[in-house]
Protein chains: 2
Amino acid sequence: MDQLLKKINSVYPLTNDSLNQLIVKMKPIELPKHKILAEAGQVGRSVYFIEKGIARAYCEGRENQVTFWFGLEGDFVFSYNSYINGRPGYESIELLENSLLYEIKDDVLQTLFQENIELANWGRKLAELELMKLEERYIARLFKSASECYQELLNTSPLLIRRIQLGYIASYLGVTQVTLSRIRAEIR
Amino acid sequence: MDQLLKKINSVYPLTNDSLNQLIVKMKPIELPKHKILAEAGQVGRSVYFIEKGIARAYCEGRENQVTFWFGLEGDFVFSYNSYINGRPGYESIELLENSLLYEIKDDVLQTLFQENIELANWGRKLAELELMKLEERYIARLFKSASECYQELLNTSPLLIRRIQLGYIASYLGVTQVTLSRIRAEIR
DNA sequence: TTCATTTTTTAACATTTGTAAAAAACTGCA
DNA sequence: TGCAGTTTTTTACAAATGTTAAAAAATGAA
């Protein structure tokens, strides 16, 4: 809960009143490893906050599955297309560990945005920060080789690499698992 | 102007009053080809709307320059990191044609967001839609080969390819110009 | 602990893409 | 029109990554 409050305020500082309006709507929920939080082709009706656990977002290709996002403690989880357009998402989101989340229903959140200008600006900032993070990843991929991206992950999120299997990380880096193995062999 | 109004309302429908508050702050401005709208390392203090023209956003690498976004008529232009965090942007943004833009100063826009809940939600939606577009591009790159991405561009934005030189398009697609030439030769 | 299953690594070979340099095509201006 | 500069294509070769399959290592349940 503490982590949640800190995160909310770090997105955009809120008065106590507004903060309360938001957090009373966020319900703790424990879910097991492998649970699917959002399924491609379906409309996800909730946003989650990860208090404890890991999630990954992936898309199904013809033959392969591509993982393109990991969420760790302190991250919000949403299926963008569902959250933003109310349309079926492209991606599925799966828990990789038994997790403790906070859930808020999408319609509840939208109502808060309509009624409270502070929360509307909070929601704006939340989207903007997600945009920023995605742009950073997008640009990093344009410039850096898979090897450099991997080494950066090693430095910035060593936990991630220890907790997530390499096949997922390889696809996140945009290479095959064989290539990631080669990269790891070179570094050693 | 017409195009601008339509775009604003397509992001998030506004009452006439709110719409007016926004558009009176947007000033038309004509700028020549090669004009730099935002420079990497600097804080950009304006958001632009492209009424007529083309822009590209790019980052400087050690040896190369990578173009990662094109803006056409109907697009908003911002240096994300400046707009979102008020920090120096990673990217430079350059006009590729003589252009007609509408400009709004960032502080003016921020003030509107604080005062008008409709505009705050409009700003939220604007960021969300940008996020959505970026995610689509991000995912497309994970699944599609440069050749497929190029052919999609040919279908969805043939104008873009006619108006922009291939070196920029190649780097946008994440390949060298030589590779893009090979792709084009194969298609013919 | 043991065994079956899953995950990771290694190997050999095919394919794709990059690099550098030259040729060809295009553009804009005098 | 003609010419200089820019952009695009082509070529030959090098380097990186993918594919397939098998071996090795790690994991989890009985």
Side-chain angles (χ1 to χ4, degrees), chain A residues 32-35 53-54 56 58-68 70 94-99 140-154 158-188, chain B residues 32-35 54 56 58-59 61-68 70 94-98 140-154 157-188:
Chain A
K33 185 169 174 173
H34 296 313
K35 173 77 186 179
I54 297 196
R56 73 170 180 125
Y58 62 96
C59 287
E60 297 282 352
R62 292 146 236 167
E63 329 228 296
N64 53 339
Q65 220 184 44
V66 181
T67 296
F68 63 93
F70 295 115
E94 178 196 12
L95 291 179
L96 298 180
E97 297 180 354
N98 298 329
S99 302
R141 278 187 82 114
L142 291 177
F143 278 96
K144 293 182 190 151
S145 64
S147 173
E148 288 172 300
C149 287
Y150 176 75
Q151 294 191 54
E152 198 168 283
L153 262 192
L154 262 185
L159 272 182
L160 206 139
I161 285 165
R162 244 175 289 146
R163 288 162 74 185
I164 299 177
Q165 66 186 64
L166 289 186
Y168 295 156
I169 293 174
S171 106
Y172 177 80
L173 296 174
V175 295
T176 59
Q177 180 158 343
V178 175
T179 299
L180 180 54
S181 255
R182 281 194 275 239
I183 288 169
R184 284 159 61 95
E186 271 165 33
I187 289 173
R188 249 182 285 127
Chain B
K33 186 170 173 172
H34 297 311
K35 174 78 186 181
I54 298 196
R56 75 169 178 123
Y58 62 95
C59 287
R62 292 146 236 168
E63 327 230 294
N64 54 340
Q65 219 182 46
V66 180
T67 296
F68 62 93
F70 295 116
E94 178 195 13
L95 292 178
L96 298 180
E97 297 180 354
N98 298 330
R141 277 186 84 114
L142 291 178
F143 278 97
K144 292 182 190 152
S145 64
S147 174
E148 289 171 301
C149 287
Y150 176 74
Q151 293 191 54
E152 198 168 284
L153 261 193
L154 261 185
S157 323
L159 273 181
L160 207 139
I161 286 166
R162 243 174 290 145
R163 289 163 73 185
I164 299 177
Q165 67 187 61
L166 288 187
Y168 295 157
I169 292 175
S171 107
Y172 177 79
L173 295 174
V175 295
T176 60
Q177 181 158 344
V178 175
T179 298
L180 180 54
S181 255
R182 281 195 274 239
I183 288 169
R184 285 158 61 93
E186 271 165 34
I187 289 173
R188 248 181 285 126

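So you know, we letter chains A, B, ... as the sequences are listed, proteins then strands, and number each from 1.
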### Message
One character per nucleotide, please: for nucleotides 15-22 of chain D, 5' to 3', B when the base has a protein heavy atom closer than 4.0 Å, S when only the sugar-phosphate does, - otherwise.
### Response
--SBBB--
### Task
Starting at the 5' end of nucleotides 25-30 of chain D, put B wherever the base has a protein heavy atom under 4.0 Å, S where only the sugar-phosphate does, and a dash everywhere else.
------
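One finds the CD1 atom of Ile164(B) at 5.5 Å from the CG atom of Leu96(B) (value rounded to the nearest 0.5 Å). Separating the CG atom in Leu154(B) from the CD1 atom in Ile161(B) is a distance of 4.0 Å, to the nearest 0.5 Å.
The nucleotide range of DNA chain C contacted by chain A, defined by atoms under 4.0 angstrom from heavy atoms of the protein and reported 5' to 3', is dT7(C) to dA12(C).
Residues satisfying the salt bridge (Lys or Arg N to Asp or Glu O under 4.0 Å) criterion with Arg56(A), sequence neighbours excluded, are Glu94(A). The side-chain contact (heavy atoms from CB on, under 4.5 Å) test applied to Pro32(B) returns Lys35(B), Asn98(B), not counting sequence neighbours. Taking Lys144(B) as the reference, Glu152(B) meet the salt bridge (Lys or Arg N to Asp or Glu O under 4.0 Å) condition, with sequence neighbours excluded. For the side-chain hydrogen bond (donor to acceptor under 3.5 Å, both in side chains) test, residues two or more places apart in sequence or in another chain that qualify with Tyr150(B) are Arg184(B). Shown here are the salt bridge (Lys or Arg N to Asp or Glu O under 4.0 Å) partners of Glu97(A), two or more places apart in sequence or in another chain: Arg163(A).
The shortest heavy-atom contact between Cys149(A) and Ala140(A) is SG-O, 4.3 Å.
Looking at Gln151(A), its side chain never comes within 3.5 Å of a backbone N or O of Glu148(A) through a donor-acceptor pair.
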Could you pull out all donor-acceptor pairs under 3.5 Å where a side-chain atom in residues 174-183 of chain A meets a protein atom, sequence neighbours excluded?
unit_1, atom_1, unit_2, atom_2, d
Thr176(A), OG1, Thr179(A), N, 3.2
Thr176(A), OG1, Thr179(A), OG1, 3.1

Exercise answer: donor-acceptor pairs, residues 165-173 of chain A side-chain atoms, under 3.5 Å, sequence neighbours excluded:
unit_1, atom_1, unit_2, atom_2, d
Ser171(A), OG, Thr67(A), N, 2.6
Ser171(A), OG, Thr67(A), O, 3.4

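A heavy atom closer than 4.0 Å to some atom of DNA chain D occurs in Gln165(B), Leu166(B), Gly167(B), these being the qualifying members of residues 157-172 of chain B.
With axes fitted over five pairs at each extremity, the angle between the ends of the helix from dT1(C)-dA30(D) to dA30(C)-dT1(D) is 50° (10° resolution).
One interatomic measurement links the two molecules: CD of Glu186(B) to P of dT11(D), which rounds to 13 Å at whole-angstrom precision. For Gln177(B) and dT11(D), the CD to P distance is 16 Å, given to the nearest whole Å. Arg184(B) has its CZ atom 15 Å from the P atom of dT7(D), to the nearest Å.
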